[in-house]
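All ligand and atom numbering here is 1-based and tracks the order in the structure.
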Amino acid sequence: MADQLLSISGLSAGTEDKPILHDINLSVGAGETHVLMGPNGAGKSTLGHVIMGDASYQVTSGSIVFDGQDVTAQAADRRSLAGIFLSYQAPVEVPGVPLYSFLRTICQMRPELKTSARKFRERIARISDQLDLDESFLTRELNVGFSGGEKKKIEMLQLLLLRPKLAILDETDSGLDVDALAVVSRGIEAYRADCDGALLVITHNTRILERLSVDHAHVMVKGRLVAEGPASLIDEIDAQGFGRFEGAGEKAEA
Ligand SMILES: Nc1ncnc2c1ncn2[C@@H]1O[C@H](COP(=O)(O)OP(=O)(O)OP(=O)(O)O)[C@@H](O)[C@H]1O
Ligand SMILES: [Mg+2]
């Protein structure tokens, strides 16, 4: 549909020797919040990486259309410029690059975010404050020696700074203490309120969703989307687990 921000049709993908995703159809409208759930190893992170254009995966059929453009064959940096953001389950460490310079460089590469050094400093200070993030982090090397919770806060900082049209948050809540979880929730809320961006949240932890208004929930089993429904589907899964969907994955596999 033309009014969808993200339209994935008949997408199958995997690594060179292993098919992982099978015939995925998924649409996300501008400003909508979608949740993707599923057992460990179902292929959720893989889908996030394939949408982002991670070169370690190959698309064997189907297409990904983002903001009216077919991005299926586009490199990750082009997709990032087009407005797709992926927060990694395990963020990479980049020794030698201070966080502040990294963020400044990314912003200067984008016409809509390019700004004077003073204004940039002010923006960073405002967002750090919003996230309860000590500004001493900004002079440290990107993600090097950061705790799990600190890395997630830095990702929220990037999210609020870059203002993508679609943010895919993969396990942004994993391993967070209650205070950090609240900061991440605030970051997500601020993104929704300030940027009116769409969200695809991949999670096992429904607590992160409590303060979000979820439009659609999707369930992935064995590389296939086996169910889609309103936010109430999340509560059902919370109460009953994925047992009733396992059969759907098996049947689809046969
Ligand atoms: N680069 C890769 N090389 C080989 N196998 C891979 C690669 N990426 C993913 N896989 C495999 O694909 C399957 C799906 O993995 P994926 O990380 O997408 O699952 P997930 O649904 O995110 O699981 P979890 O809930 O545990 O994070 C797994 O069996 C995984 O080992
Ligand atoms: Mg995962």
Sorted by chain and number, sequence neighbours left out, side chain to side chain contact (heavy atoms under 4.5 Å, CB included) with T33 holds for R192, L199, L212, V214, D215
Could you tell me whether T46 approaches ligand 1 through its side chain, its backbone, both or neither, with non-hydrogen atoms closer than 4.0 Å? both
Which atoms of ligand 1 are found less than 4.0 Å from any heavy atom of T15? 1 (N), 2 (C), 3 (N), 4 (C), 7 (C)
Which pairs pass salt bridge (Lys or Arg N to Asp or Glu O under 4.0 Å) with one or both residues in residues 102-121, sequence neighbours excluded? R118-E122
Do L159 and P164 touch side chain to side chain, with heavy atoms closer than 4.5 Å? yes
Show the atoms of ligand 1 that are less than 4.0 angstrom away from any heavy atom in A42. 19 (O), 20 (P), 21 (O)
Can a non-hydrogen atom of G41 be found less than 4.0 Å from any atom of ligand 1? yes
Is there an N/O/S atom in S45 at a distance below 2.8 Å from the Mg ion (ligand 2)? yes
Centroid-to-centroid, Y100 to F120, below 6.0 Å? yes
Between R140 and P98, is there a donor-acceptor pair closer than 3.5 Å when you use the side chain of the first and the backbone of the second? no
I'd like to know whether ligand 1 has M220 as a neighbour, heavy-atom separation below 4.0 Å. no
Given M220, which partner from the list L26, L47, I202 fulfils the side chain to side chain contact (heavy atoms under 4.5 Å, CB included) test? L47
Report yes if G43 has an N/O atom closer than 3.5 Å to an N/O atom of ligand 1; otherwise report no. yes
Heavy atom of S56, distance to ligand 1 below 4.0 Å: no
